[in-house]
Protein chains: 2
Amino acid sequence: MNQSNAFRIPDTQQKRIVIIGGGFAGITLAKKFAGKDVQVVLLDRHNYHTFQPLLYQVATAGLEPDSIAGPLRKLLENHKNIFFRMATVTNINNSNNKIKSNVGELSYDYLIIAAGSKTNFFGQQEKFEKAFPLKQIPQALDFRSHILQNFEEAVLSSDENDIERLMNIVIVGGGPTGVELAGALGELKKHVLPNDYPDLDFQKLNIYLVEGMDRLLGGMSEFADVKAQKYLKKFDVNVKLKTMVKSFDGENVEFDNGEKIPTTTLLWGAGVMGNIIEGLAEESVKNSRYKVDKYNLIEGTENIYAVGDIALMETEDFPKGHPMLAPVAMQQADLLAKNILASLKGKKQKAFKYLDKGSMATVGRNKAVVDLPKNLHFGGFMAWFIWMFVHLISIVGFRNKIVILSNWVWNYFTYDRGTRLIIRPFIPKINKQKKT
Amino acid sequence: MNQSNAFRIPDTQQKRIVIIGGGFAGITLAKKFAGKDVQVVLLDRHNYHTFQPLLYQVATAGLEPDSIAGPLRKLLENHKNIFFRMATVTNINNSNNKIKSNVGELSYDYLIIAAGSKTNFFGQQEKFEKAFPLKQIPQALDFRSHILQNFEEAVLSSDENDIERLMNIVIVGGGPTGVELAGALGELKKHVLPNDYPDLDFQKLNIYLVEGMDRLLGGMSEFADVKAQKYLKKFDVNVKLKTMVKSFDGENVEFDNGEKIPTTTLLWGAGVMGNIIEGLAEESVKNSRYKVDKYNLIEGTENIYAVGDIALMETEDFPKGHPMLAPVAMQQADLLAKNILASLKGKKQKAFKYLDKGSMATVGRNKAVVDLPKNLHFGGFMAWFIWMFVHLISIVGFRNKIVILSNWVWNYFTYDRGTRLIIRPFIPKINKQKKT
């Protein structure tokens, strides 16, 4: 095998499989290849796996980052054929089977792109550069510091307009991220913040959830939409349907109907797009995702695969591609590992078929909605309990399960949040000019 | 009472006591004044109290920041006469009884300066601007990310000199911070890191503990010094006594004896100085601390007090001032609160007398040293157990006690560390120039 050695990977007779990304797909793949007769190199720009479904709880001070992150080296420990390297891949060269990264080049026999997705501003990045995305742990910490700093600043202000602007929160996008975040903020408003800030009137904290379509949770049932709206109302969240944001300058948000809301806090949960890497032919990319066949092979390549959010697999059941969800990513990764191992032994590969086990979203304390296959839907306390159970068993690592469970039990019974630390520098946003 | 209103503190008939700093002294004072007939305003640049004795465990991935921090609003909840405001005080005006801050002015009847201490580079800041201080939570997180990033970079390097430079760690200062950090790093080297980085040879990770005096733990007994040196040796720490650092450029550290060690990691634990605030007469400051009488009143003032690290109280027992330790701060704060409340009622005040209950330091797994009054000293497992017990009962908040205890139990039995996340951007330090 021909290799450059910036990565210090030993040269063996084994085929080298390079996996880009340590998300749900990446770690499923690596674990499947553990102990097999292949050499695996897992690359990620972070040294940890992020359990994205609970990011919103880090953003709302319910959990610390370590509870929802698994150090990748720990996850892959004791597997001698698996190598983790912290690197950001910048280019793929299909003709000589090499990737380029911020730390050097690496050759591969098989390449699996599992780089996931990032926030999609639909080409309007500049207009929304002051909005908060929520796809990574540092972003969740930024959001948490931001809202807590705003309350500290509001306490110091006597200007009613400033106070309103500091307290209002606008969330764009009525998918699971938006709904779960709005619910968690509603819970904070009702149970936690008034104790912390007796000088503030939390009637002035308005939480807006803005969605362009005429319903919430577009990927779920109508039942889920109706229930979620009902639950959000209980937590005092303003749901605005059929409304699009037009602009946000860090002080005001404007909607397409002309309405303006003064706020410094706009969370963007309106869409995601694949983390496309430079280098492959343009024809292989559609809607910021790699076009793959039923074996997750990227069109026009022979040894490059894409799985999970970044893969666009159009089938009869899913003519616009599979949904960008963790179960899809894990099922594709599982099958792809089996298929590659089978083909190395000259055996036949299987085509992918998604097994939908249902979907769910939680809306604050005691409330959630669950869709099961065959049109089974339910909500309320039982759905919330199942939501917690499924997330607990899904998160990687025994330690994380314990830490999260004990945090949830604590938060539930004390109506408290443990992690209200502002860890970035405090720079007053509005009062700055006036007071110095 | 005459007041400016940038802080939105209600105007009452009560005397206003402004406390600068939410450390051990600040929260002791605030709690003592809770429910009394005074108005208390506590100011801090952070929204949390830091339990500094365990900072080194955050720096070495043993604890997450939330375990050693207490949100100040939570600590002071339900006390209507106590107001917390997040602000950095920039000036004290003794003539009109006002302080200036980054968010505005505030008047006081009594002012208590409990601003603590910061890292002291003894006038050589520029020479050591690439060194890591360890006085605040963000600094501990920076150090943690830095050393983990170095190992990730070392894995990618084939240059033996680079690897040595990335792995070596130099700690300056043989006080409790230096000794405890060196012990914790020794434990990481022995039990945790080799599993995470099977590609690295941890014989190349040299930990140096450098001290100018001829002994360690200068504030403790000779017994403690001898034991600490013995324990550190077991954890493979190089102790260099009678050695001073001359310079550090981010790539090499040079000692006064001419010796050079290649390293990107210099932790500065060699000294602290008071966080002096602008405005009071120069005569009231000596060695970066406010000169106070036995009632903690600052010399030349009538209603301004200093307590804890920032107060220099010279007595017969302590001709050079009291040691900069948490117990001193808490005892002074406790008495000062009583004295102010007594004087408001026209009663007599008491002079301060420090009650030394002993001191202790831990040196990695199962090892610690304890000095008790009356020349009682002991070390080993029992000392380590007592060290844990005392720190657990001292930390604020029931939740923190539980979280820390469970982390310690987990770490002890699994030889693991839960919190190995690199949360700041990864910029290769050495390889950057060469590889792109």
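Note that this is a predicted model, so its numbers are computed, not measured. In the text below, chain A, chain B and the rest are named by the order of the sequence lines, each starting its count at 1.
- Under the side-chain hydrogen bond (donor to acceptor under 3.5 Å, both in side chains) criterion, B:K189 pairs with B:D236, not counting sequence neighbours.
- The shortest side-chain heavy-atom distance between A:E77 and B:P198 does not fall under the 4.5 Å cut-off.
- Neither the backbone nor the side chain of A:N78 comes within contact range of chain B; no heavy atoms are under 4.5 Å apart.
- Top candidate by heavy-atom pairs under 4.5 Å with chain B, chosen from A:R85, A:Q136, A:K100, is A:R85.
- Here the rule is side chain to side chain contact (heavy atoms under 4.5 Å, CB included) with B:R73, and of A:D196, A:L148, A:N195 only A:D196 fits it.
- The distance from the CG atom of B:L156 to the CG atom of A:N102 is 8.5 Å, given to the nearest 0.5 Å.
- Within the model, atoms CG of B:L200 and CZ of A:R8 stand 6.0 Å from one another, a figure rounded to the nearest 0.5 Å.
- Atoms CG and CG, on B:D66 and A:L63 in that order, are 10.0 Å from each other to the nearest 0.5 Å.
- Both the backbone and the side chain of A:Y197 come within contact range of chain B, judged by heavy atoms closer than 4.5 Å.
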